[in-house]
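First up is the structure itself, then whatever we jot down about it.
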Amino acid sequence: MSSFQAPKGTYDILPADAATVLAVREAIAAPLRRSGYGYIETPVFEDVNLFSRGVGESTDIVSKEMFTLTKRGSEELALRPEGTASVLRAALQANLHRTGNLPVKLWYSGSQYRYERPQKGRYRQFWQVGAEAIGAEDPALDAELIILADDAYRSLGLRNFRILLNSLGDKQCRPVYRAALQDFLSGLDLDADTVRRAELNPLRVLDRQARVGAGATGRRADAGRLPVRGLQGLPRAGPRAAHGGRVSFEDDTKLVRGLDYYTRTTFEFVHDGLGAQSAVGGGGRYDGLSEMIGGPSLPSVGWALGVDRTVLALEAEGVVLTAPGATDVFAVPLGEEARRVLFGAVTGLRREGIRADFAYGGKGLKAAMKAADRSGARFALVAGERDLAEGLVQLKDLTNGDQTPVALDALVATLKEKLK
Ligand code: AMP
């Protein structure tokens, strides 16, 4: 292993890719910002119990994938594997549910950590933008969130994604269904791993075992589906005006999701160009989570969209987000006096909002012009002693080689005009 290797399951976002990554984060955030969601940041680590109680002891995320941190010899903290539990913890701590309107609507953007077997689209550090609407039970809120995610993906130019929708049942019907499912599973010839899973969390067997799923989902108690029914008309009605299309979704009775806190409405956004790691985002209702972590009853709904996989989905669809170059003007000074003057000119241009850079390192003309080309700048700003004596600089258009003298004090205005 080279000493410059990032840890397994992680990767660096380099400037060449950064524009796409930042644009994806921004595109997911934009619909939330105009829909009453306030930005929240929470620590990257939390008390480990928050996740074991919230996300669930029996989930892979908690039982196998948590990065725990040792504090004075005992494992008390964990890097966050997801955002919802932390956001709800922060809202409860700050009493946002008492002091503000319900639902408390929050959004976040941040890295998450899971000790997974790395592969394309599955990393040990990844980035999610998420939204949570805490403390209201209203199918319109579920619909709002689904529409906002759909709008975000569409605004990026994504088309080949689908929305899978299911209900996991509520407090009343889920235990009945769970018991019926356990009973059904106990009559099957299953491997040891599945038997253990069936005891701990039988619903998780459904999304692992297609064979079992087909027989078992028919037994789902119907009551918990009602919120989904209430929701179904809404996304279809809502967004028609927004992008001329509808939010269309598929009922997927096998959709379970890897976090225990979900109740009733659950959904996943899948992209068909991603192979095995096809889920680009997911979410649902978590009406019991607040109580699970020691808070009052606060029925809530939320989602998290994966930025890494959204970037891969854009690649798969051949969508290129046009990123503006990093630099408009690159200054090439010839001699010491020119260095001093052009350094000042570059600072002035930047303060006027023009993206400008400078040939650092005392380069000769040839190397400096090469640096100007590489920077992607539209113009090189070249000046030697003779130009300066006349109060001039040479503006060279790097796209066609045209060179024009410009008075130093007219530089800002000239460039603003040319860069329009
Ligand atoms: P989850 O929190 O498991 O519901 O995941 C929500 C979204 O986060 C997924 O749909 C993925 O886009 C993304 N995601 C989850 N785990 C990973 C991972 N290990 N690597 C990359 N993206 C992930």
Side-chain angles (χ1 to χ4, degrees), residues 6-13 17 21 24-25 27-28 42 46 50-51 54-56 58-67 78-88 107-132 145-146 148-150 152-153 156 158 160-166 168 201 203-204 207-208 252 255-263 265-286 289 300-316:
K8 190 171 174 193
T10 71
Y11 64 98
D12 304 303
I13 294 164
D17 307 316
V21 172
V24 167
R25 291 182 197 165
I28 302 173
T42 62
E46 295 272 356
L50 176 67
F51 303 120
V55 178
S58 73
T59 60
D60 285 353
I61 293 179
V62 166
S63 65
K64 297 187 196 149
E65 298 171 0
M66 250 187 343
F67 280 95
L79 294 183
R80 60 183 179 203
E82 58 101 50
T84 302
S86 309
V87 167
L88 185 57
W107 75 276
Y108 62 89
S109 179
S111 52
Q112 313 293 342
Y113 303 84
R114 294 181 197 171
Y115 190 78
E116 304 210 65
R117 200 163 44 80
Q119 52 182 279
K120 189 164 190 197
R122 196 205 269 172
Y123 310 104
R124 289 180 176 173
Q125 173 177 296
F126 55 97
W127 198 281
Q128 289 181 336
V129 178
E132 315 290 353
L145 279 161
I146 292 173
L148 293 175
D150 187 77
Y153 287 136
L156 282 165
L158 284 178
N160 302 338
F161 62 89
R162 293 177 293 133
I163 306 171
L164 309 179
L165 186 65
N166 193 20
L168 290 178
N201 190 350
L203 267 73
R204 291 287 290 151
D207 66 338
R208 305 231 160 194
D252 179 356
L255 177 70
V256 174
R257 314 212 4 87
L259 303 93
D260 275 356
Y261 52 63
Y262 287 114
T263 48
T265 313
T266 42
F267 50 86
E268 203 153 78
F269 286 77
V270 293
H271 192 275
D272 293 325
L274 293 186
Q277 308 306 319
S278 64
V280 286
R285 283 221 146 253
Y286 49 94
L289 178 58
S300 306
V301 55
W303 50 240
L305 309 189
V307 171
D308 311 71
R309 284 187 202 165
T310 304
V311 170
L312 293 174
L314 289 168
E315 274 169 28

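Both counts, for ligands and for their atoms, begin at 1 and track the order of listing.
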Give yes if a backbone or side-chain nitrogen or oxygen of [X] is under 3.5 Å from a nitrogen or oxygen of ligand 1, and no if not.
{"X": "A279", "result": "yes"}
{"X": "G281", "result": "yes"}
{"X": "D308", "result": "no"}

*Could you tell me whether the side chain of R124 and the main chain of P118 form a donor-acceptor pair under 3.5 Å?*
no
*Determine yes or no for a side-chain-to-main-chain donor-acceptor pair under 3.5 angstrom, with R285 supplying the side chain and T263 the backbone.*
no
Residue pair [X] / [Y]: nearest heavy atoms and the distance that separates them:
{"X": "V62", "Y": "F51", "value": "CG2-O, 3.4 Å"}
{"X": "F126", "Y": "Y113", "value": "CE2-N, 4.5 Å"}
{"X": "A316", "Y": "G273", "value": "CB-O, 3.6 Å"}

Do me a favour and list the nearest non-hydrogen protein atom to [atom] with residue, atom name and distance?
{"atom": "atom 13 (C) of ligand 1", "value": "G306 CA, 3.8 Å"}
{"atom": "atom 5 (O) of ligand 1", "value": "Q128 NE2, 3.4 Å"}
{"atom": "atom 19 (N) of ligand 1", "value": "E116 OE2, 2.5 Å"}
{"atom": "atom 4 (O) of ligand 1", "value": "R257 NH2, 2.4 Å"}

_Non-hydrogen side-chain atoms of V311 and V21 separated by less than 4.5 Å_ = yes
*Verify side-chain contact (heavy atoms from CB on, under 4.5 Å) between R117 and R122, making sure each step is shown before the conclusion.*
CA-CA 8 Å; R117 200 163 44 80; R122 196 205 269 172; 4.0 Å; yes
*Show your working on side chain to side chain donor-acceptor pair (under 3.5 Å) between E132 and T84 and close with a plain yes or no.*
CA-CA 7 Å; E132 315 290 353; T84 302; 2.8 Å; yes
With heavy atoms of [X] as the reference, note each atom of ligand 1 found under 4.0 Å away.
{"X": "G121", "value": "20 (N), 21 (C), 22 (N)"}
{"X": "A304", "value": "6 (C), 7 (C)"}
{"X": "Y123", "value": "18 (C), 19 (N), 20 (N), 21 (C)"}

Would you mind finding which of [options] brings a heavy atom closest to [atom]?
{"atom": "atom 15 (C) of ligand 1", "options": "W303, F269, F126", "answer": "F126"}
{"atom": "atom 12 (O) of ligand 1", "options": "T84, V280, V129", "answer": "V280"}
{"atom": "atom 2 (O) of ligand 1", "options": "R114, E82, E65", "answer": "R114"}

*asked:* Under 4.0 Å, heavy-atom basis, I'd like to know which part of R309 is in contact with ligand 1: side chain, backbone, both or neither.
replied: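 Under 4.0 Å from ligand 1, R309 contributes side-chain atoms alone.
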*What do we get for Q277 next to ligand 1 when only non-hydrogen atoms under 4.0 Å count, side chain, backbone, both or neither?*
neither
*Yes or no on side-chain contact (heavy atoms from CB on, under 4.5 Å) for T310 and F269, after CA distance, side-chain angles and deciding distance?*
CA-CA 10 Å; T310 304; F269 286 77; over 6 Å; no
*asked:* If I take atom CH2 from residue W303 and atom CD from residue Q128, how far apart are they, to the nearest 0.5 angstrom?
replied: 10.5 Å
